[in-house]
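In what follows, a single structure is set out as structure tokens and then discussed.
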Amino acid sequence: MPELPEVETVRAGLESLVSGTVVESVEIRRDSCVRLLAGGVPEFCALVTGERIRAVARRGKFMWFELVAPDATGAEPPREALSAHLGMSGQFRVHDTRWDQAPDPHPHCRARIFLRATNAPSGSGHLVLDFIDQRTFGYLHTEGLVSTADGAPAGAGTHHSLLPASVAHIGRDALDPNLDVEQSLARWRRGSRGIKQVILDQSIVSGIGNIYADEALWTARIHPERPAHAMSKRQASTLLVAAQSVMASALSQGGTSFDSLYVNVNGESGYFSRSLEAYGRGGEACSRCGSAIRLATVGGRSTHWCARCQRRWAPRSGPLDSGA
DNA sequence: AGTAGCACCTGATTGC
DNA sequence: TGCAATCAGGTGCTAC
């Protein structure tokens, strides 16, 4: 569910609230939320408890807390990461309250992290960080860090070129200033898959999910099933710019949400859903040409596109196709 | 190597 | 009304 703009909204919110705090204790309410860690709940708690959160970083939809020794000073590199993925329905919620006054956890709360926060806005010295996840595809994880291939900062919210080992195979995201555009476009144009499946491939350019894939393809007037190898360099470039543009715009409005399954760390919804042109508009008129927006399953994902504006083949390089 | 298919979950909605 | 089928914003493993 949460794509780059939503995850960045959460990351920025977390950064402002939990940077500098120390993990006092952890309450895992559903063991499977730390299933990636071989040692399970005990190991997770042991590795995280007592650590100081130095920063909250993100690449694409993958997020991590940089952990340092509690008495660390200066800018020494993190020694470990508490990584997190929101999956389809994950949320972080922060309560600025004394631990014993925190509200009862939400029924879908999978983990509750108690933080010692000397600078808590309320002055209580405490924060409670809840990881809530209805569908349980999200997770928390603890792991070591590896270096980026290019030596540049690993992603948003960090100036270190270190990222969690499990994130090393994820490409830089569409809004990362260190994204290698030439190489990314070349990889987008390779292979037989439909272009929508390719732009959802997080190992090439990360951060694009099902909503923004449909929006970017609509903006760039490209059919979701156009084979990657049939994309011109110019079309690929237009598509990347469209994805960057739509996600930056969504980010400026706090992300997209249709319901309470996506909210920021304060429990508030974003407003971008009212700006969507294709996603969720099956059967409605395309705002550009008036044709009905189609809805079908492509690559296992619900896909929305305008059959008139978005041709399966480039108009000058192949037969026209109604997109049926 | 590249790609398709499915598995992993819970809850809301739809259709019979 | 009741129950089964379907669908949801993601990732990663397996098998071809």
Side-chain angles (χ1 to χ4, degrees), chain A residues 1-10 29-36 58-63 83-92 106-111 131-141 164-171 173-174 186-217 224-225 227-229 243 246-247 250-251 253-264 269-283 295-304:
Chain A
M1 166 280 251
E3 306 181 33
L4 189 157
E6 293 76 37
V7 180
E8 173 59 19
T9 299
V10 171
R29 303 178 60 82
R30 182 169 172 135
D31 292 3
S32 66
C33 82
V34 295
R35 61 190 173 278
L36 267 51
R58 178 192 59 79
R59 170 179 288 201
K61 308 168 196 170
F62 292 76
M63 200 165 28
S83 46
H85 197 290
L86 301 179
M88 293 281 264
S89 55
Q91 307 174 1
F92 277 109
H106 186 282
H108 299 139
C109 179
R110 309 310 185 192
F131 178 62
I132 298 169
D133 185 17
Q134 179 199 104
R135 292 183 67 187
T136 73
F137 288 171
Y139 59 79
L140 302 179
H141 190 31
S166 71
V167 185
H169 68 293
I170 297 301
D173 67 56
R187 290 188 61 192
W188 266 10
R189 298 174 56 211
R190 222 151 54 204
S192 60
R193 287 183 296 175
I195 188 61
K196 176 171 177 181
Q197 282 154 279
V198 172
I199 66 176
L200 288 174
D201 184 338
Q202 305 296 302
S203 72
I204 307 176
V205 175
S206 67
I208 302 170
N210 204 37
I211 295 176
Y212 299 113
D214 282 3
E215 294 302 302
L217 288 162
E225 293 181 300
H229 61 67
V246 69
M247 290 199 293
L251 178 55
Q253 295 177 54
T256 297
S257 61
F258 310 117
D259 51 44
S260 62
L261 274 191
Y262 172 71
V263 293
N264 69 13
S269 293
Y271 289 101
F272 195 68
S273 62
R274 58 187 73 171
S275 306
L276 297 176
E277 297 281 2
Y279 189 89
R281 295 193 177 279
L295 169 58
T297 298
V298 172
R301 312 299 300 280
S302 69
T303 299
H304 314 69

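Every chain is numbered from 1 and lettered A, B, ... according to where its sequence line falls, protein lines coming before strand lines. Given the structure is predicted, the values throughout are model-derived calculations rather than measurements.
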When the distance from [atom1] of [X] to [atom2] of [N] is rounded to whole Å, what number comes out?
{"X": "A/D31", "N": "B/dC9", "atom1": "CG", "atom2": "P", "result": "13 Å"}
{"X": "A/L4", "N": "C/dG10", "atom1": "CG", "atom2": "C1'", "result": "14 Å"}
{"X": "A/E215", "N": "C/dG9", "atom1": "CD", "atom2": "P", "result": "13 Å"}
{"X": "A/K196", "N": "B/dA4", "atom1": "NZ", "atom2": "C1'", "result": "16 Å"}
{"X": "A/R35", "N": "C/dT11", "atom1": "CZ", "atom2": "P", "result": "13 Å"}
{"X": "A/E6", "N": "C/dG9", "atom1": "CD", "atom2": "C1'", "result": "7 Å"}
{"X": "A/R187", "N": "B/dT3", "atom1": "CZ", "atom2": "P", "result": "11 Å"}
{"X": "A/M88", "N": "C/dC7", "atom1": "CE", "atom2": "C1'", "result": "9 Å"}

Q. For A/S32, which contact category applies under a 4.0 Å heavy-atom criterion: base, sugar-phosphate, or nothing?
A.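 Nothing, no nucleic acid heavy atom in range.
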
**Q.** G-U wobble or Watson-Crick pairing nucleotide for C/dG10 (cut-off 3.5 Å, both distances)
**A.**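 Because both required distances fall under 3.5 Å, C/dG10 counts as paired with B/dC8.
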
Q) Which listed nucleotide (B/dT3, B/dC9, C/dG9) is nearest to the side chain of A/T136? A)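 The nucleotide sitting nearest to the side chain is B/dC9.
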
Q | Selection from C/dG10, B/dT3, B/dT10 that lies nearest to any side-chain heavy atom of A/H108 | A |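 Between C/dG10, B/dT3, B/dT10, the one nearest the side chain of A/H108 would be B/dT10.
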
Taking every non-hydrogen atom, the tightest pair across [X] and [Y]:
{"X": "A/R35", "Y": "A/T136", "result": "NH2-O, 3.5 Å"}
{"X": "A/A228", "Y": "A/W188", "result": "CB-O, 3.3 Å"}
{"X": "A/L86", "Y": "A/P2", "result": "CB-CG, 3.6 Å"}
{"X": "A/R301", "Y": "A/K196", "result": "CB-NZ, 4.3 Å"}

Q | Electrostatic pair A/D201:A/R193 at N-O distance under 4.0 angstrom | A |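 Salt bridge flag = yes for A/R193 with A/D201.
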
Q. Got a salt bridge between A/D173 and A/R58, using NZ or NE/NH1/NH2 to carboxylate O under 4.0 Å?
A.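 A salt bridge is present here (some side-chain N lies under 4.0 Å from a carboxylate O).
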
Determine the interatomic distance between [atom1] on [N] and the same-named atom on [M]; round to the nearest Å.
{"N": "C/dG9", "M": "B/dT13", "atom1": "P", "answer": "16 Å"}
{"N": "C/dT14", "M": "B/dC9", "atom1": "P", "answer": "15 Å"}
{"N": "C/dT11", "M": "B/dA1", "atom1": "P", "answer": "23 Å"}

Strictly below 4.0 Å: does [X] bring a side-chain N or O up to OP1 or OP2 of [N]?
{"X": "A/Q197", "N": "B/dA4", "result": "yes"}
{"X": "A/R301", "N": "C/dA8", "result": "no"}
{"X": "A/Y279", "N": "C/dG9", "result": "yes"}
{"X": "A/R135", "N": "B/dG11", "result": "no"}
{"X": "A/S192", "N": "B/dT3", "result": "yes"}
{"X": "A/S89", "N": "B/dG11", "result": "no"}

Q: Indicate the ring-plane relationship of A/Y279 and A/H304, choosing parallel, tilted or perpendicular according to the 30° and 60° boundaries.
A: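 Plane angle between 30° and 60°, so tilted.
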
Q.
For the residue pair A/R30 / A/S32, report whether a side-chain donor-acceptor contact shorter than 3.5 Å exists.
A.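 Yes, because at least one side-chain N or O of A/S32 sits under 3.5 Å from a partner of the opposite role on A/R30.
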
Within the sub-3.5 Å range, which N or O atoms of nucleotides 12-16 of chain C have a protein N or O partner, and how far apart are they?
residue: C/dG12; atom: OP2; partner: A/H169; partner atom: NE2; Å: 3.2

(Q) Under the criterion of centre distance below 5.5 Å and interplanar angle below 30°, is A/F137 classified as stacked on the base of B/dC8? (A)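 Stacked: centres under 5.5 Å apart, planes under 30°.
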
